[in-house]
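So the structure is just underneath, and the comments pick up after that.
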Amino acid sequence: MKTEFTLAQLADPDIKEADKILRACVHCGFCTATCPTYVLLGDELDSPRGRIYLIKEMLEKDKPPTADVVKHIDRCLSCLACMTTCPSGVNYMHLVDQARVRIERDYERPLTERLLRSVLAFVLPRPALFRISMILAGFARPFTALLPTPSVGAASPGLLRRIKAMLALAPRGLPPPGPAAGTVFAATGRRRGRVALLQGCAQQVLAPRINQAAINVLTRHGVEVVLVKDEQCCGALTHHMGQDADALVRARANVTVWQREADQNGLDAILVTTSGCGTVVKDYGYLLREDKTFAEAAERISALAKDITEYLAGLELAPSTQKGDITVAYHSACSLQHGQKITQLPKELLSKNGFVVKDVPESHLCCGSAGTYNILQPDIASRLRDRKVANIALVKPDMIAAGNIGCMVQIAGGTSVPVVHTIELLDWATGGPRPGLN
């Protein structure tokens with residue numbers, strides 16, 4: 001793709017990177033076939049190729065984005081299926097993230113939308129506040145039926161529609177909090193390794209059992225686990241909302257505490273059980289590339305970051321107690337299969353440990369969770385969830401496994417089949433408890 005940035009514009013490292021990404025695009029359109037919003041809506045501007053044109057024009061003209069540009073960029077899930085499909089290696093992820101930063105900086109959204117986004121960006125990365133908000137939402141949930149039903153399919157969903165979607169996602173009850181930051185879990189028997197486990201934000205409130213299952217599996221197989229003190233939200237939530245200043249502050253804080261832990265006590269890896277977080281942590285090196293103080297350390301941390309299944313693949317797990325009578329539909333989270341290019345490992349681990357693993361038809365299409373997407377774009381998210389649940393039903397599973405809490409909550413909202421994390425099944429297979437239900 002031909003670009004027309006000025007030399008002055010190209011002096012900006014972000015514009016220089018955007019120019020490189022844009023020039024790699026050859027307009028082939030392969031991305032349209034795997035883009036969830038294009039598959040649903042059939043609008044070229046709701047495809048990666050269409051959004052690339054909009055972003056190019058916005059950046060080249062260096063003018064505030066129009067409402068139409070914002071509408072189509074907002075509809076992007078950042079599922080990154082387009083990057084898996086693209087034969088030219090276009091790094092759409094870094095391009096759309098840059099567009100979101102520009103929109104956040106230069107576009108004035110309606111007041112109600114600004115308030116909602118501010119609340120989400122403030123509450124979700126703070127587990128204590130998020131827990132309080134979920135308790136309050138649980139009280140409010142029974143009254144959602146009293147709210148007027150907004151028209152579905154509007155170009156930009158209104159506040160009421162988003163509030164109803166948010167309350168619908170709230171759980172009916174919350175489990176007790178998990179272990180505190182700073183806790184170290186000793187390995188059973190001879191120590192074979194030492195890792196840090198990302199505590200997460202929403203996950204430690206909604207499902208602390210996931211990290212507990214990871215701790216069980218790791219310590220059972222000789223790996224010491226530390227929950228690093230002063231760790232923060234990985235920054236994914238605010239990063240994907242275009243609030244990079246907040247995201248980078250969190251990234252620097254995590255790089256600092258993880259590097260200190262690695263230097264003082266040693267770390268073989270930083271493990272992540274939420275693939276959306278893992279994709280961003282693995283990108284810290286890029287996000288902080290222009291920061292002379294943190295660039296080198298960020299690269300080191302990104303290299304240490306691994307999805308839990310990546311690390312377990314290098315361990316010889318205990319013989320499975322499963323007898324092959326549980327059929328598991330494996331939902332491949334977008335952030336895992338497209339963002340981190342991890343596709344076979346989770347399925348292989350489950351199969352080797354006694355589960356009958358079935359691929360889900362249209363597995364490349366997003367379930368509609370995508371961080372805060374199912375709140376900010378509830379109509380599209382609901383259609384994608386229903387499509388995903390229908391495809392899962394085709395394989396008639398006993399359980400559904402996924403590697404991302406957002407996907408788990410989203411899918412569980414549309415099915416009665418138990419939705420569990422991959423690590424919960426591996427814990428069960430190697431001597432742990434049977435996973436809880438939805």
Side-chain angles (χ1 to χ4, degrees), residues 1 13-26 28 30-38 46-56 58-59 69 72-104 234-244 247-248 250-251 272 274-290 298-299 301-303 305 307 332-343 364-373 376-377 403-404 406-407:
M1 178 180 290
D14 287 333
I15 294 296
K16 184 177 180 180
E17 182 68 16
D19 181 63
K20 176 184 173 183
I21 296 169
L22 289 166
R23 286 177 176 271
C25 180
V26 296
C28 67
F30 283 10
C31 58
T32 60
T34 58
C35 174
T37 49
Y38 182 77
D46 284 315
S47 74
R49 183 171 61 181
R51 293 185 180 108
I52 285 172
Y53 276 112
L54 293 175
I55 294 169
K56 173 181 178 292
M58 176 178 65
L59 296 179
V69 169
H72 295 294
I73 300 300
D74 281 354
R75 284 179 176 175
C76 175
L77 294 123
S78 280
C79 70
L80 310 181
C82 54
M83 288 180 59
T84 297
T85 310
C86 180
S88 303
V90 176
N91 196 319
Y92 177 82
M93 176 174 75
H94 290 158
L95 187 66
V96 77
D97 285 343
Q98 190 176 147
R100 289 192 169 114
V101 171
R102 185 65 64 99
I103 288 170
E104 183 69 15
C234 69
L237 286 164
T238 49
H239 175 59
H240 293 308
M241 294 175 77
Q243 299 183 20
D244 253 18
L248 294 181
R250 296 179 184 281
V272 187
T274 303
S275 60
C277 301
T279 301
V280 169
V281 175
K282 287 183 176 183
D283 207 36
Y284 275 5
Y286 173 83
L287 294 176
L288 294 171
R289 69 195 183 285
E290 297 297 325
E299 282 285 359
I301 294 303
S302 289
D307 183 74
S332 191
C334 296
S335 46
L336 200 57
Q337 65 167 316
H338 303 308
Q340 300 182 48
K341 308 303 180 189
I342 298 172
T343 55
H364 61 283
L365 288 183
C366 185
C367 68
S369 173
T372 58
Y373 191 93
L376 297 175
Q377 298 288 334
N404 188 63
C407 302

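Predicted model, so just to flag it, every value in this text is computed and none were measured.
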task = Quick one: closest heavy-atom pair of Cys76 and Val96, and the distance?
result = SG-CG2, 4.2 Å
request  = Step by step, work out the side chain to side chain contact (heavy atoms under 4.5 Å, CB included) result for Glu17 and Arg289.
outcome  = CA-CA 12 Å; Glu17 182 68 16; Arg289 69 195 183 285; 4.3 Å; yes
ask   = Is any side-chain heavy atom of Ile21 closer than 4.5 Å to a side-chain heavy atom of Gln98?
value = no
query = So, Ser275 side chain and Ala333 main chain: donor-acceptor pair closer than 3.5 Å or not?
reply = no
query = For Tyr284 and Ser302, which heavy atoms make the closest approach, and how far apart are they?
reply = N-OG, 3.2 Å
query = For Thr84, which residues count as a side-chain hydrogen bond (donor to acceptor under 3.5 Å, both in side chains) partner, sequence neighbours excluded?
reply = His338, Lys341
query = Do Cys86 and Tyr92 have side-chain heavy atoms sitting under 4.5 Å apart?
reply = no
ask   = Any donor-acceptor pair under 3.5 Å linking the side chain of Ser47 with the backbone of Tyr38?
value = no
task = Would you mind reporting whether Cys334 and Leu77 have side-chain heavy atoms less than 4.5 Å apart?
result = no
task = Working to the nearest 0.5 Å, report the span between CD of Gln340 and OG1 of Thr279.
result = 4.0 Å
task = Just jot down the side-chain hydrogen bond (donor to acceptor under 3.5 Å, both in side chains) partners of Thr85, sequence neighbours excluded, or say none.
result = Thr34
Leu287/Asp97 under side chain to side chain contact (heavy atoms under 4.5 Å, CB included): CA gap, chis, key distance, verdict = CA-CA 11 Å; Leu287 294 176; Asp97 285 343; 5.7 Å; no
query = For Asp244, which residues count as a side-chain hydrogen bond (donor to acceptor under 3.5 Å, both in side chains) partner, sequence neighbours excluded?
reply = His239
task = Please report the closest heavy-atom contact between Leu237 and Gly371, naming both atoms and the distance.
result = CD2-CA, 4.4 Å
Thr37 backbone acceptor or donor facing Asp46 side chain under 3.5 Å = no
note = Value for CE (Met83) from NE2 (His94), rounded to nearest 0.5 Å, stands at 7.0 Å
note = Note: Met1 and Leu22 closest approach over all heavy atoms is CB-O, 3.1 Å
query = Between Ser88 and Cys25, is there a donor-acceptor pair closer than 3.5 Å when you use the side chain of the first and the backbone of the second?
reply = no
ask   = Could you walk me through whether Arg75 and Gln377 pass the side chain to side chain contact (heavy atoms under 4.5 Å, CB included) check?
value = CA-CA 7 Å; Arg75 284 179 176 175; Gln377 298 288 334; 4.0 Å; yes
task = Answer whether the closest heavy-atom distance between the side chains of Ile55 and Arg102 falls below 4.5 Å.
result = no
message = When you measure from the side chain of Glu290 to the backbone of Pro13, do you find a donor-acceptor pair of N or O atoms at a distance under 3.5 Å?
response = no
key: Atom of Cys407, atom of Ser369 and distance for their closest heavy-atom approach   = N-OG, 3.8 Å
request  = Using the side chain to side chain contact (heavy atoms under 4.5 Å, CB included) rule, take Val280 and His240 through it: C-alpha gap first, then chi angles, then the decisive distance, then the call.
outcome  = CA-CA 10 Å; Val280 169; His240 293 308; 3.9 Å; yes
query = In Å, rounded to the nearest 0.5 Å, how long is the span from OG of Ser332 to CG of Leu365?
reply = 12.0 Å
query = Where do Gly235 and Ala247 come nearest, in terms of heavy atoms and distance?
reply = O-CB, 3.5 Å
query = If you round to the nearest 0.5 Å, how far is CZ of Arg100 from CG of Leu95?
reply = 10.5 Å
task = Can you measure from CG (Asp74) to CD1 (Ile103) and round to the nearest 0.5 angstrom?
result = 6.0 Å
CE on Met241 to CD on Glu104, rounded to 0.5 Å = 7.0 Å
